[in-house]
Amino acid sequence: MPELPEVEVTRLGVAPHLEGRPVRAVVLRREGLRWPFPAELPQLLAGRTVLSTGRRGKYLLIEFEHGTLIVHLGMSGHLRVLPPDIPADKHDHFDLVVEGPQGREVLRMTDPRRFGAVLWHPNEDGELDEHMLLRGLGVEPLGPAFTGALLYRQTRTRSAAVKQVLMAGDIVVGVGNIYCSESLFRAGINPKTAANRISPARYDRLAQCIREVLAEAIVQGGSTLRDFISVNGQSGYFQQSYFVYDRAGVPCRICGAPVRQIKQGQRSTFYCVNCQK
DNA sequence: CACGGAGCCTGCCCGC
DNA sequence: TGCGGGCAGGCTCCGT
């Protein structure tokens, strides 16, 4: 489910329920997901107050005085805020129980495919950016460092297809499979183009399009925040209509040519041969 | 260093 | 109705 916009919308949704609130309990219902949960999390967090929330790429950060809880939703994960005493379902793996003004609330992580992760980074281990999972990540696509010039500079040695280079995450983070196809469409760039054969001007355009596509998705997600915090909430689902993603064979919204679907690095790519050169 | 493929998991949808 | 194959919004690891 989550690409960067979904993670950011999740952060915006859970932040008011977490920030400034003390943790009453941590519930771990399995050993771990992609990696083992830190078994000492309950003792580490009980009684501690959440200072703030953050995000790095698709990693959600829950910051405490003594360290940071790092949450990744993988392919199929989502978070909800629930009233206390809602029984856990089959794929509910992790709860953070916090004390709110109206009583306790439960931040619950659900992840059927279990590609997600919950990790702890103690401040004493040094800068969060140096954490194994976060080091080597590219720049934030919505931050000031992300420019066409950066894309151009960082792709001089990259002969792989631009779609795969963008998705690799070492130049820019958070551009997942959906929004990568959408951004390349908006920029008019064929996803198969070798990254080192794209001009600075076209990279300027691409950087702008990536920013726009992600920012618009966050705004759209934000408008559905009302539904986000609910027992049945399908958080992070946007009823937005894509230009190319998941539209194989359907007429391009711009030129009417059928949208094409190909495989790049085992992932589906959607594009318009007419609009993207 | 950079590239491509395998693998991690469950659920769902399709065709037989 | 059951079964197998393919697919799914991410990421790491490994061989070349």
Side-chain angles (χ1 to χ4, degrees), chain A residues 1-11 29-37 55-60 70-79 89-94 109-119 131-138 141 151 153-185 191-197 210 213-214 216-218 220-221 224 228 234-249 261-271:
Chain A
M1 166 177 325
E3 291 196 26
L4 182 147
E6 288 82 351
V7 177
E8 181 61 12
V9 168
T10 296
R11 188 186 71 77
R29 296 194 182 81
R30 57 163 44 243
E31 292 277 305
L33 298 171
R34 171 154 217 170
W35 295 286
F37 293 138
R55 180 186 55 73
R56 180 74 176 93
K58 295 167 194 162
Y59 294 92
L60 179 68
I70 302 171
V71 177
H72 196 288
L73 300 174
M75 293 272 261
S76 60
H78 68 269
L79 297 177
D89 215 335
K90 185 176 171 187
H91 300 299
D92 296 339
H93 309 304
F94 170 85
M109 180 188 192
T110 306
D111 183 9
R113 287 174 71 184
R114 309 209 297 270
F115 290 170
V118 176
L119 296 169
H131 188 279
M132 282 303 292
L133 293 180
L134 304 185
R135 90 165 62 186
L137 290 186
L151 280 180
R153 203 182 325 126
Q154 300 274 63
T155 49
R156 293 311 80 206
T157 59
R158 310 288 287 267
S159 59
V162 60
K163 161 109 175 334
Q164 295 182 257
V165 170
L166 286 176
M167 298 235 308
D170 56 332
I171 299 177
V172 58
V173 293
V175 185
N177 204 38
I178 293 178
Y179 298 116
C180 199
S181 278
E182 292 295 311
S183 301
L184 287 164
F185 174 80
K192 290 185 288 190
T193 311
N196 60 1
R197 298 208 337 269
I210 289 171
V213 165
L214 295 178
E216 287 168 21
I218 291 170
Q220 291 221 21
T224 69
F228 173 67
Q234 292 299 306
S235 70
Y237 258 104
F238 309 99
Q239 310 305 336
Q240 82 176 60
S241 51
Y242 302 121
F243 277 89
V244 286
Y245 183 80
D246 205 22
R247 286 172 53 81
Q261 175 174 10
I262 60 171
K263 280 285 188 234
Q264 293 184 287
Q266 307 151 279
R267 310 299 300 278
S268 283
T269 299
F270 300 85
Y271 71 109

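Numbered from 1 within each chain, the chains take letters A, B, ... in sequence-line order.
For the pair A:Asp111 and A:Leu73, the minimum side-chain heavy-atom distance is 4.5 Å or more. The shortest side-chain heavy-atom distance between A:Val175 and A:Met167 does not fall under the 4.5 Å cut-off. Between A:Leu133 and A:Tyr59, some side-chain heavy-atom pair lies under the 4.5 Å cut-off.
Phosphate contact (OP1/OP2 of C:dA8, side-chain N/O of A:Ser76, threshold under 4.0 Å): absent. For A:Arg267, a side-chain nitrogen or oxygen approaches OP1 or OP2 of C:dG10 to under 4.0 Å. Using a 4.0 Å cut-off, some side-chain N or O of A:Ser159 falls inside it from OP1 or OP2 of B:dC3. A close approach under 4.0 Å does not occur between any side-chain nitrogen or oxygen of A:Lys90 and OP1 or OP2 of B:dT10. Contact check, A:His72 against C:dG10: no side-chain N or O comes under 4.0 Å of OP1 or OP2. Put simply, A:Tyr179 has no side-chain N or O that comes within less than 4.0 Å of OP1 or OP2 on C:dG9. Taking only side-chain nitrogens and oxygens, A:Lys263 comes nearer than 4.0 Å to OP1 or OP2 of C:dA8.
Side-chain N/O atoms of A:Asn196 and A:Thr155 include no donor and acceptor closer than 3.5 Å.
When the C1' atom of B:dC9 is taken as reference, atom CZ of A:Phe115 falls 5 Å away, rounded to whole Å. At whole-Å resolution of the value, NE2 in A:His78 and P in B:dT10 are 17 Å apart. In this structure, A:Lys58 atom NZ and C:dG9 atom P are separated by 10 Å, rounded to whole Å. If you take NZ of A:Lys192 and C1' of B:dC3, they are 18 Å apart, rounded to a whole angstrom. If you take CZ of A:Arg113 and P of B:dC9, they are 12 Å apart, rounded to a whole angstrom. For the pair A:Gln264 CD and C:dA8 P, the interatomic distance rounds to 13 Å; values are reported in whole Å. Atom-to-atom, CG of A:Leu133 to C1' of C:dG10 comes out at 12 Å; the value is rounded to the nearest Å. Atom pair A:Glu6:CD and C:dA8:C1' shows a separation of 14 Å (rounding to whole Å applied).
The side chain of A:Gln266 lies closest to B:dG7 when the candidates are B:dG7, C:dG9, B:dC9. Closest contact between the side chain of A:Ser268 and the listed nucleotides B:dC8, B:dG11, C:dC7 involves C:dC7.
Contact between A:Met109 and A:Val118 at its shortest, heavy atoms only, is SD-CG2, 3.6 Å.
Not counting sequence neighbours, the partners of A:Asp170 by the salt bridge (Lys or Arg N to Asp or Glu O under 4.0 Å) test are A:Arg158.
Along DNA chain B, the nucleotide nearest to A:Pro112 and the one nearest to A:Arg34 differ in position, and the one closer to the 5' end is contacted by A:Arg34.
The aromatic rings of A:Phe37 and A:Phe94 sit tilted relative to each other, their planes meeting at an angle between 30° and 60°.
Looking at A:Glu3, its side chain does come within 3.5 Å of a backbone N or O of A:Gly176 through a donor-acceptor pair.
No donor-acceptor contact under 3.5 Å links the side chain of A:Arg158 to the base of B:dC3.
Using P as the reference atom, B:dG11 and C:dT12 are 24 Å apart when rounded to the nearest Å.
Counting only Watson-Crick and G-U wobble pairs whose two distances sit under 3.5 Å, DNA chain C takes part in these stems of three or more pairs: B:2-8 with C:10-16, B:10-16 with C:2-8.
No contact: A:Gly265 has no heavy atom under 4.0 Å from any strand.
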